[in-house]
S.K.: 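Handing you a structure now.
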Amino acid sequence: MEKDKLLLIDGNSIAFRSFFALHNSLSKFTNKDGLHTNAIYGFNKMLDNILAQYQPTAALVAFDAGKTTFRTKMFDNYKGGRSKTPPELSEQMPYLRELLTGYGIKSYELPDYEADDIIGTLSKEAEEQGYSVTIVTGDRDLTQLSSDKTTVAVTKKGVSEVEEYTPSYVEEKLGVTPQQIIDIKGLAGDTSDNYPGVTKIGEKTAIKLLKEYGSVETLYEHIDELKKSKMKEHLIEDREQAFMSKKLATIKRDAPVKISLQDINYEGKNEDFLINFYQKMNFKSFLSQMNQTAADVDEEIKFNILDEQNIEQLKNLPDEICFYLEMLDKNYHLSDFCGFVIGTPENIWVSDDIELLNNAVIKNLLGSSTTKVNLFDGKRTYVGLHRLGIELDNINFDILLQSYLLDTNDNSNDLGQLAHEHNYNQIDTDAEVYGTGAKRAVPETTILLKHLARKVKAIQVLGEQLQAELVDNKQEKLYWEIELPLSIVLAKMEISGIKVNSDRLHQMQSEFTERLAEIETDIYREAGEEFNINSPKQLGEVLFEKMKLPVIKKTKTGYSTAVDVLEKLQGESPIIDNILNYRTISKIKSTYVEGLLKVIHSNDQKIHTTYLQTLTQTGRLSSIEPNLQNIPIRIEEGKKIRQAFIPSHKGWHILSSDYSQIELRVLAHITGDKHLQEAFKNGEDIHSSTAIRIFGLKDASEVTPNIRRQAKAVNFGIVYGISDYGLSQNIGISRKDAKKFIETYFKEFPGVKKYIDSSVELAKEQGYVETISHRRRYLPDIHSSSFNLRSFAERTAMNTPIQGSAADIIKIAMINMEKELETRNLKTRMLLQVHDELIFEVPDEEMAEIKKLVPSVMDSAIKLDVPLKVETSWGNTWYDAK
DNA sequence: CTACTCACG
DNA sequence: ACGTACGTGAGTAGA
């Protein structure tokens with residue numbers, strides 16, 4: 001007969017692990033009733049893997065019965081201070097039981113005991129009856145149960161991979177036997193379960209003591225033999241705690257479990273039950289594994305298929321309509337079109353015939369200033385329509401923008417997904433309908449048309465709902481006066497594009513190729529072998545193993561070879577300088593020279609970037625395909641890339657205007673700090689003024705370049721949410737000195753200190769911080785028990801209003817600038833935005849006007865308590881506009 | 001697909 | 001005692 005194999009699963013622990021493993025995609029895992037399903041999904045994955053791997057003959061999932069157990073009776077504070085189970089997880093627990101029913105696995109709980117004790121008791125019974133046992137848990141403490149018959153499988157970072165603890169593996173990993181784990185806990189305590197152990201003894205010391213004495217009991221029998229020390233005093237003092245903690249850590253193996261091994265035979269899953277369950281949970285991948293398809297969104301939808309004959313009927317549409325233009329490729333400057341939908345939820349018209357858009361009826365509707373158009377991603381739609389020769393005039397609701405303003409995290413480019421995030425479930429996600437990655441394609445026509453039809457209703461319902469939420473949040477102005485008009489400005493900038501001199505790039509390409517080859521031979525000679533210099537792994541081996549250079553810093557996977565490390569090694573060997581050079585040049589060559597050449601449109605020799613307006617957590621824009629916001633400027637060789645960016649017409653120039661120290665000016669404004677404001681009002685060099693104050697200097701004559709550099713770093717540090725360590729690393733001083741700088745800074749600029757404290761306070765109270773234009777960023781981690789997460793949230797609480805308000809200001813300037821260009825009927829085009837800088841191409845005859853107009857529009861974008869300063873320059877290329 | 005590195009504000 | 005600056009995108013290596 002086949003050997004009996006028992007599988008015991010720690011239900012609560014696995015549910016927790018699954019929940020947090022998929023926490024980032026929490027919003028992606030919901031069913032149509034808005035139930036979160038991530039923990040259920042993760043649990044299911046784990047079950048599939050474990051069952052396939054171990055093929056048990058009996059199985060049970062043990063759950064904790066409640067908060068109070070015999071342990072809490074022993075020690076009030078047991079598991080005290082734990083934060084509450086998130087509601088998004090609690091709501092999944094009943095369904096988890098349902099899932100187990102589908103798998104034919106019993107679950108069990110026992111009042112006054114924890115899941116561990118059930119597992120301990122049953123595994124003992126099973127061992128006695130000759131079973132081999134596997135325990136699955138996320139909690140390493142259970143490894144105390146491992147024996148020659150019992151393996152404890154502890155989940156690794158995900159939940160589907162496990163690490164198997166046998167007694168020998170426990171010894172190898174922890175240096176003690178499974179039985180001694182409770183002794184470690186007795187001496188060291190457990191912070192997550194909140195019991196104490198012995199003062200000042202941590203895991204390391206506990207293991208050392210146990211190696212010598214074997215157990216808590218023997219240790220105390222020999223306590224007198226210990227040399228006189230603080231540790232000995234603590235041990236004697238905390239004797240009772242040690243014994244109690246050991247007892248708390250000990251898993252019961254004789255709990256009054258009322259279920260027997262015969263009751264939990266595993267006979268396989270109930271497929272029909274599971275199919276039904278998966279449909280309810282919207283688990284498409286599990287369904288397709290079972291050759292089943294997902295239940296369709298349940299509401300039928302009525303729509304008309306548009307054609308040449310019935311198109312006149314669109315004239316009957318009201319003055320508020322919805323529209324969606326489908327382009328499957330992310331890059332809408334190049335994507336094919338595959339269909340569109342127009343109408344109202346009551347009167348939907350769909351087609352996959354793009355030619356129809358050129359019909360005057362549609363052109364008039366979309367181009368009409370009196371017909372309001374609701375849509376998803378106005379900028380994308382505007383650019384797409386523009387390529388088809390159609391103007392879009394009057395956007396009303398853009399649900400992507402609305403959603404992003406309400407919560408910067410709800411910004412999916414997939415309409416269906418975004419709808420689900422707002423609990424609208426009568427539509428599938430685009431990813432489901434079209435597929436992702438290489439499998440992305442247009443589905444059969446009926447599916448396509450139906451999906452498009454559903455978009456109309458989703459847009460209308462969500463548009464109204466989200467607008468009401470914007471009103472509640474006092475974010476209406478932000479939507480109507482900033483983001484919505486900005487989306488059109490950005491569309492126009494993207495459409496304009498910027499002309500590129502590809503001959504110049506090609507010329508640079510061959511220069512760089514030659515230089516790289518030279519440096520490469522030098523590096524190989526110095527290393528004594530050929531290797532891939534671009535591989536940090538190979539480079540690390542050459543530098544630190546073969547050449548035996550001192551290791552400065554390590555990464556997770558090996559030696560760090562980042563610039564700051566290499567700079568510390570300069571002088572150790574000439575190879576370092578060559579590597580630094582190689583890195584610089586190869587970066588410029590591959591990312592910029594070759595990268596940019598790849599994205600020049602062949603029809604107009606221009607680059608058309610895409611701005612992401614709904615991505616950043618602060619309100620800044622980002623630029624992709626290509627990123628035109630990180631073209632080199634700091635190093636001369638890289639800066640030359642800018643020579644390839646030229647005006648699109650002869651006799652025009654590139655003009656660039658940038659805000660000077662906008663973030664520090666915003667800081668002066670929102671903190672209200674008198675000294676900081678004074679410095680700006682007097683037009684002082686802000687870094688020098690800071691230097692004078694924090695170093696206690698007489699006047700500017702005492703400010704050396706080095707002192708100014710340090711003060712500058714302090715100013716940056718303040719804006720980023722300073723730490724003494726961060727500052728010390730940045731300017732290479734001791735942590736102590738850095739701390740002193742910061743303290744002096746806060747003494748000299750008390751308004752700033754007050755602001756930092758109050759913004760953290762505010763974030764804690766209301767859950768979010770906001771900019772001067774009421775742009776919000778939620779900071780749930782501000783309450784985290786993890787020091788790291790919490791500190792990060794605290795720094796962003798103070799940085800986001802500053803970075804975000806600066807973003808608000810330049811956005812307003814861009815809208816005003818575009819308006820001026822239009823009303824003055826100028827040919828000048830705004831081409832790029834680089835966070836605090838705007839770049840234009842200007843015909844010579846307009847130069848005199850523009851070089852006054854741009855700075856005046858920019859510095860009057862908003863009225864702060866300190867003046868805004870703008871610096872302008874121009875030239876034949878972007879490089880020369882300096 | 002993740003880690004590392006490096007370009008910008 | 002923790003382990004650190006804020007916000008981005010892209011190329012390459014190597015699983």
Side-chain angles (χ1 to χ4, degrees), chain A residues 157 191 200 202 408 437 531-540 553-566 579-580 582-596 598-599 609-612 615-635 637-639 641-642 658-664 667 713-731 735 738 742 777 785-804 806-807 810 832-838:
Chain A
K157 52 183 173 179
T191 43
K200 294 272 177 197
T408 47
F531 64 101
N532 186 344
I533 306 167
N534 286 320
S535 160
K537 186 163 173 264
Q538 295 181 32
L539 179 61
K553 198 164 72 179
K554 286 200 149 195
T555 66
K556 272 185 252 178
T557 49
Y559 311 104
S560 169
T561 65
V563 219
D564 57 321
V565 171
L566 295 184
I579 290 165
L580 286 169
Y582 184 92
R583 282 250 177 97
T584 313
I585 293 171
S586 109
K587 169 85 179 173
I588 299 167
K589 178 167 172 269
S590 65
T591 304
Y592 297 102
V593 178
E594 286 158 3
L596 290 175
K598 269 185 241 163
V599 290
T609 186
T610 299
Y611 288 104
L612 301 182
L615 180 129
T616 69
Q617 296 301 305
T618 54
R620 276 192 177 181
L621 301 175
S622 94
S623 156
I624 58 164
E625 279 182 293
N627 180 358
L628 290 183
Q629 292 181 318
N630 72 347
I631 303 301
I633 188 163
R634 293 170 193 170
I635 296 165
E637 279 146 319
K639 191 173 179 180
I641 293 287
R642 295 176 176 229
D658 66 291
Y659 284 111
S660 140
Q661 266 112 29
I662 188 164
E663 291 193 344
L664 287 172
L667 180 74
V714 173
N715 278 333
F716 271 97
I718 294 294
V719 171
Y720 293 155
I722 200 155
S723 79
D724 49 10
Y725 179 87
L727 182 63
S728 73
Q729 286 297 297
N730 195 294
I731 46 179
R735 198 166 160 166
I742 296 168
R777 178 176 188 176
S785 56
S786 144
F787 176 88
N788 273 336
L789 289 179
R790 195 176 60 249
S791 309
F792 185 63
E794 286 168 3
R795 292 197 294 273
T796 41
M798 83 135 297
N799 171 268
T800 297
I802 298 168
Q803 193 182 113
I810 196 167
L832 302 173
Q833 188 251 40
V834 192
H835 308 305
D836 64 356
E837 176 187 15
L838 296 175

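Everything numeric here is computed off the predicted structure, so don't read it as measured data. Protein chains get the first letters and strands the later ones, always in sequence-line order, with residue 1 at the start of each.
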S.K.: Checking contacts here: which listed nucleotide (C:dG3, B:dT5, C:dA5) is nearest the side-chain heavy atoms of A:Leu727?
M.R.: C:dA5
S.K.: Between B:dT5, B:dG9, C:dC6, spot the one nearest the side chain of A:Asn799, thanks.
M.R.: C:dC6
S.K.: Mind checking whether A:Glu625 and A:Val599 have side chains closer than 4.5 Å, heavy atoms only?
M.R.: no
S.K.: If the P atom of C:dT4 is compared with that of B:dC4, how far apart are they to the nearest Å?
M.R.: 12 Å
S.K.: Identify whether any heavy atom of A:Ile631 sits under 4.0 Å from a base atom; if not, whether one sits that close to sugar-phosphate; answer base, sugar-phosphate or nothing.
M.R.: sugar-phosphate
S.K.: Of the nucleotides C:dC6, C:dT8, C:dA13, which one has an atom closest to the side chain of A:Ser535?
M.R.: C:dA13
S.K.: Answer yes or no: does a side-chain N or O of A:Arg620 lie under 4.0 Å from OP1 or OP2 of C:dG7?
M.R.: no
S.K.: Nearest-Å distance, CG (A:Leu539) to P (B:dT5)?
M.R.: 9 Å
S.K.: B:dC8, C:dT8, B:dT5: which one has an atom nearest the side-chain heavy atoms of A:Thr561?
M.R.: B:dT5
S.K.: I'd like to check A:Val714 versus A:Ile742 (side-chain heavy atoms, cut-off strictly below 4.5 Å). Are they in contact?
M.R.: no
S.K.: Give the rounded distance in Å between these two atoms: CD1 of A:Ile533 and C1' of B:dT5.
M.R.: 15 Å
S.K.: Under 4.0 Å between a side-chain N/O of A:Thr555 and OP1 or OP2 of B:dC4, yes or no?
M.R.: yes
S.K.: Any donor-acceptor pair under 3.5 Å linking the side chain of A:Ser560 with the backbone of A:Lys553?
M.R.: no
S.K.: Looking at C:dT4, does its base get a donor-acceptor pair with the side chain of A:Ser723 below 3.5 Å?
M.R.: yes
S.K.: Please work out if A:Ile633 contacts a base, only the sugar-phosphate, or nothing of the nucleic acid, heavy-atom cut-off 4.0 Å.
M.R.: sugar-phosphate
S.K.: Rounded to whole angstrom units, what separation is found between the CG atom of A:Asn630 and the C1' atom of B:dC8?
M.R.: 5 Å
S.K.: Are any of A:Arg790's side-chain N or O atoms less than 4.0 Å away from OP1 or OP2 of C:dC2?
M.R.: no
S.K.: Starting at CD of A:Glu637 and ending at C1' of B:dA7, how long is that distance when rounded to a whole Å?
M.R.: 14 Å
S.K.: Both distances below 3.5 Å, Watson-Crick or wobble geometry, any strand: find the nucleotide opposite C:dG7.
M.R.: B:dC8
S.K.: Is the shortest side-chain N/O distance from A:Thr616 to OP1 or OP2 of C:dG7 below 4.0 Å?
M.R.: no
S.K.: Is A:Ala738 touching bases, backbone alone, or none of the nucleic acid, heavy atoms closer than 4.0 Å?
M.R.: nothing
S.K.: Write down the distance between CG (A:Asn627) and C1' (C:dG11), rounded to a whole number of angstrom.
M.R.: 13 Å
S.K.: With a 4.0 Å cut-off on heavy atoms, is A:Gln617 in touch with a base, just the backbone sugar-phosphate, or nothing at all?
M.R.: sugar-phosphate
S.K.: Please determine, for the side chain of A:Lys537, which listed nucleotide (C:dA5, C:dG9, C:dG14) has the closest atom?
M.R.: C:dG14
S.K.: May A:Phe787 be described as stacking on the base of C:dC2, applying a 5.5 Å centroid limit and a 30° limit on plane angle?
M.R.: no
S.K.: Expressed in angstrom and rounded to an integer, what is the separation of A:Phe716 atom CZ from B:dC8 atom P?
M.R.: 13 Å
S.K.: A:Ile718 has an atom CD1; how far is it from atom C1' of C:dG7, in whole Å?
M.R.: 18 Å
S.K.: Could you check which of B:dC6, C:dG7, B:dG9 has an atom nearest any side-chain atom of A:Arg777?
M.R.: C:dG7
S.K.: Would you indicate which nucleotide in C:dA5, C:dT12, B:dG9 comes nearest to any side-chain atom of A:Gln803?
M.R.: B:dG9
S.K.: Scan A:Val719 against the nucleic acid and name what it touches under 4.0 Å (heavy atoms): base, sugar-phosphate only, or nothing.
M.R.: nothing
S.K.: Write down the distance separating the C1' atoms in C:dA5 and B:dT2, rounded off to the nearest Å.
M.R.: 24 Å
S.K.: Is the shortest side-chain heavy-atom distance between A:Ile588 and A:Ile635 below 4.5 Å?
M.R.: no
S.K.: Please answer whether the main-chain N or O of A:His835 pairs with a side-chain N or O of A:Arg620 as donor and acceptor at a distance below 3.5 Å.
M.R.: no
S.K.: Does some side-chain heavy atom of A:Gln729 sit less than 4.5 Å from a side-chain heavy atom of A:Arg735?
M.R.: no
S.K.: Please state whether the phosphate of B:dC6, meaning OP1 or OP2, lies under 4.0 angstrom from any side-chain nitrogen or oxygen of A:Lys587.
M.R.: no
S.K.: Reckon A:Thr800 touches a base, only the sugar-phosphate, or nothing at all at heavy-atom distances under 4.0 Å?
M.R.: nothing
S.K.: Does A:Thr609 reach the main-chain N or O of A:Pro626 with its side chain, forming a donor-acceptor pair under 3.5 Å?
M.R.: yes
S.K.: Now, which nucleotide makes the Watson-Crick or G-U wobble pair with C:dT12, with each of the two distances under 3.5 Å?
M.R.: B:dA3
S.K.: Nearest to the side chain of A:Ile624, heavy atoms from C-beta on, is which of C:dA10, B:dC6, B:dC8?
M.R.: C:dA10
S.K.: Does OP1 or OP2 of C:dA13 have a side-chain N or O of A:Asn532 closer than 4.0 Å?
M.R.: yes
S.K.: Nearest-Å distance, CD1 (A:Ile641) to C1' (C:dA10)?
M.R.: 14 Å
S.K.: For A:Glu594, report the nucleic acid contact type (base, sugar-phosphate, nothing); a contact means any heavy atom under 4.0 Å.
M.R.: nothing
S.K.: At under 4.0 Å between heavy atoms, what does A:Gln538 touch on the DNA or RNA strands: base, sugar-phosphate, or nothing?
M.R.: sugar-phosphate
S.K.: Of the listed nucleotides (B:dC4, B:dG9, C:dT8), which one gets closest to any side-chain atom of A:Leu615?
M.R.: C:dT8
S.K.: Answer yes or no: is there a side-chain heavy-atom contact under 4.5 Å between A:Thr800 and A:Gln617?
M.R.: no
S.K.: Does A:Arg634 put a side-chain nitrogen or oxygen below 4.0 Å from OP1 or OP2 of B:dG9?
M.R.: yes
